[in-house]
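We use all heavy atoms of the structure for the numbers below, so side chains are in, but hydrogens, waters and symmetry mates are not. Naming convention: chains lettered A, B, ... in sequence-line order (proteins, then strands); numbering from 1 in each chain.
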There are 2 protein chains.
Amino acid sequence: MAKSPTVYDVAQAAGVSIATVSFTFSRPSRVKPATRAAVLAAAQALGYVPSASARGLAVGHTKSFGLIFWDGSTPPAGRFDQVNAGLRHFPRWVHEVQYGIERAAWSQGYAIMVGDGDASDVDTTAVDIAGRVDGLVLLPHMLTPETLMRVAERIPVVSVTEGADHPHLNSITVDNRQGMTDLVRHLVEAHGIRSAEFVGATGTPDYRARFAAFRDTLEEAGIPAPAAPAAAFPTSHDRTDAYVCRTDADALALLEQLQARGVRVPEDVIVTGFDGLAAGLIARPTLTSVRQPMHDLGVAAVELLLNRIADPESPTEHRRFPVELTVRQSCGCR
Amino acid sequence: MAKSPTVYDVAQAAGVSIATVSFTFSRPSRVKPATRAAVLAAAQALGYVPSASARGLAVGHTKSFGLIFWDGSTPPAGRFDQVNAGLRHFPRWVHEVQYGIERAAWSQGYAIMVGDGDASDVDTTAVDIAGRVDGLVLLPHMLTPETLMRVAERIPVVSVTEGADHPHLNSITVDNRQGMTDLVRHLVEAHGIRSAEFVGATGTPDYRARFAAFRDTLEEAGIPAPAAPAAAFPTSHDRTDAYVCRTDADALALLEQLQARGVRVPEDVIVTGFDGLAAGLIARPTLTSVRQPMHDLGVAAVELLLNRIADPESPTEHRRFPVELTVRQSCGCR
DNA sequence: TTGAAAGCGGTACCAC
DNA sequence: GTGGTACCGCTTTCAA
């Protein structure tokens, strides 16, 4: 790993000044063809790779966005781990959103820097990443208000989370309440359930919104709603008509468990998810769920960032996306 | 987005020099507690977020690794697109490898920068990313030799690809041949297949190795081997005993199609994958495949990068990982 | 069209 | 223990 060549080396080799080298790359038309060719040749010969740090320092931005996520998909320890070791981390909601983010960012010439969302000290991580990029997206956000303020005052930040409010924070949310309401109503009206359990911890505002809607809709139908989510994954076949999971990942894992124990879905019990991951189509029974427009969420996140960069004075934006009840086999339809 | 404060601002606010501010963050113990507190307070009050560009320029490295991938999971256009629109991009092999990379990198304090592997000009992208990071991993690599040399001479590069050889290039590979050989032998010996098709284009060295092993093993068993992979996804139920897919993603999509057409797997035809994605367990029938240690591949990639950074003079490394035949329902077992 | 030179925001060596 | 200061590599006026 020899010390890498700089503009100075290239300039010297090409017999021009460093300014000319710089211009050759940034505004080729402002350089005489012959000179340009000489510079390019020298650069190629030397194996010149421009330093992004130097450029970033000089121009004041890095052409990259940061991404910090935590989707709570890492399930609680315990039997779940043993039963579903292979499913623990995949499929993930974040991957589908990230795909949209990457495509949108790349198309605009931005690279994506992903930071450790599960770090013990997310705040430090966030500040570190914030120092490297032109914008930050949080999936969802779990930063302290202080850190959030610190970061959001420096670069645009968009949180893909329910209930994110801060003067400098942009947000993208989905209609968790509507989605869960539609889902539960469907279970009640089309399948006549008389009881249901909510599966999965409510660690984020989104999950809490889903749980709240789950309860409200159940009660509204005159069905007793559990006061809290099932503590852990159901261990035996509890007497319930439906397991309403907080995410598809949980539902998919639960499906596994249930089948391993010989419990039939949907004949013995209904199972539903939330998110609409592609994997829900692969499973058998296919998974009834509430679909979020993941790709669009990612694209929108980048859009908000770009808007704010184009016009720093523009007001923060909050976009809420609709979701769609996707009825499939695991609830007994089809 | 007010202009963000710098060390100078913090220094002034705290009534110290910029050197002291710098030390407060890098070597807190070398600064008197009272001074340190003052600096920290000023930094907090001002919302100081250190510029990674400035630091990177000063220290000569960025504490981040680049990641450029292309897993060929985007299937050819045509009917496949229509039939499996939702499955097109997920699940992906790269995500499982990426997970290992991220965990390993993060644990060492490195961030991950992901670049556009599908860019029309991957080489330019690669050079751009290379200028931002301390090491690069290619999943797999599809760069021109020139670009590869240019980049690999500046920072350590590891390619997660079969047949990568370049003096400065480290590589991680899996035993494609052994895996495919085991798989085909199993189909012949345990299921008595007398014909088989290979599904999926052979666009990378890994895929080619799989196809070659597929052919060799078939011929060795006295079974006529197709001269080329099935041109596209099987359109009607061609007469064959087994569809051996080049990846799990393809196999999963094929499973979908087949089921939609009422073809039973494995009763009517056997379907197998390659990779061992977690999604193979979600599908019904569960997918017979050849499992790669994805997480370990990612961890190893980071390890090689770290090794090279610790000792730039150390020779390049090439690690080959074993794979494991995973027999499940889609071939008729269990 | 090209060159000289002043930053950009940190780091770290060397004095004090 | 703290401050002064010379870089790090590139961009970008301003002159020539």
Side-chain angles (χ1 to χ4, degrees), chain A residues 1-40 42-43 46-64 127-128 130-134 154-155, chain B residues 1-40 42-43 46-64 127-128 130-134 154-155:
Chain A
M1 241 42 47
K3 182 182 170 313
S4 42
T6 70
V7 269
Y8 297 96
D9 302 316
V10 176
Q12 184 163 38
V16 299
S17 76
I18 62 167
T20 300
V21 174
S22 182
F23 281 138
T24 300
F25 292 107
S26 54
R27 277 187 290 285
S29 57
R30 289 171 55 89
V31 167
K32 181 161 48 171
T35 315
R36 191 196 314 161
V39 172
L40 256 18
L46 268 49
Y48 173 60
V49 175
S51 155
S53 292
R55 169 179 330 199
L57 219 212
V59 302
H61 57 252
T62 61
K63 277 284 185 178
S64 64
V127 172
D128 175 80
R132 310 164 175 261
V133 303
D134 300 342
R154 191 180 129 79
I155 54 174
Chain B
M1 247 29 59
K3 182 183 169 311
S4 44
T6 70
V7 269
Y8 297 96
D9 302 314
V10 176
Q12 184 162 39
V16 299
S17 76
I18 61 166
T20 300
V21 173
S22 183
F23 278 137
T24 300
F25 291 106
S26 54
R27 275 186 291 286
S29 59
R30 288 172 57 91
V31 168
K32 182 162 44 170
T35 315
R36 192 195 313 159
V39 172
L40 257 16
L46 268 50
Y48 173 60
V49 175
S51 155
S53 292
R55 170 177 316 167
L57 178 55
V59 303
H61 58 252
T62 61
K63 277 288 187 173
S64 65
V127 172
D128 174 79
R132 308 164 175 262
V133 303
D134 300 341
R154 190 179 130 79
I155 53 174

Residues that B/Thr62 engages under side chain to side chain donor-acceptor pair (under 3.5 Å), provided they are two or more places apart: B/Ser64, B/Asp134
Its 5'-most and 3'-most nucleotides having an atom under 4.0 Å from a non-hydrogen atom of chain A, DNA chain C is contacted over C/dT1 to C/dG9
Listed pairs under 3.5 Å, donor-acceptor, residues 46-58 of chain B side chains, sequence neighbours left out:
{"residue": "B/Ser51", "atom": "OG", "partner": "B/Ser53", "partner atom": "N", "Å": "3.3"}
{"residue": "B/Ser51", "atom": "OG", "partner": "B/Ala54", "partner atom": "N", "Å": "3.0"}

Could you go through residues 18-28 of chain B and list every donor-acceptor pair under 3.5 Å that involves a side-chain atom there, pairing it with any protein atom two or more places apart or in another chain?
{"residue": "B/Thr20", "atom": "OG1", "partner": "B/Ser17", "partner atom": "OG", "Å": "3.4"}
{"residue": "B/Thr24", "atom": "OG1", "partner": "B/Thr20", "partner atom": "O", "Å": "2.7"}
{"residue": "B/Ser26", "atom": "OG", "partner": "B/Ser22", "partner atom": "O", "Å": "2.9"}

Between A/Ser4 and B/Arg154, the two heavy atoms sitting closest are OG-NH1, 2.7 Å
Given protein heavy atoms under 4.0 Å, the one-letter contact record of nucleotides 8-16 of chain D, with B base, S sugar-phosphate only and - none, is simply BBBBBB---
Pick out which of A/Thr35, A/Val10, A/Val31 makes a side chain to side chain contact (heavy atoms under 4.5 Å, CB included) with A/Val16. A/Thr35
On a heavy-atom basis, which atom in B/Arg132 and which in A/Lys63 lie closest, and how many Å separate them? NH2-O, 3.5 Å
Roughly how bent is the helix from C/dT1-D/dA16 to C/dC16-D/dG1 end to end, in steps of 10 degrees, with each end axis from five pairs? 30°
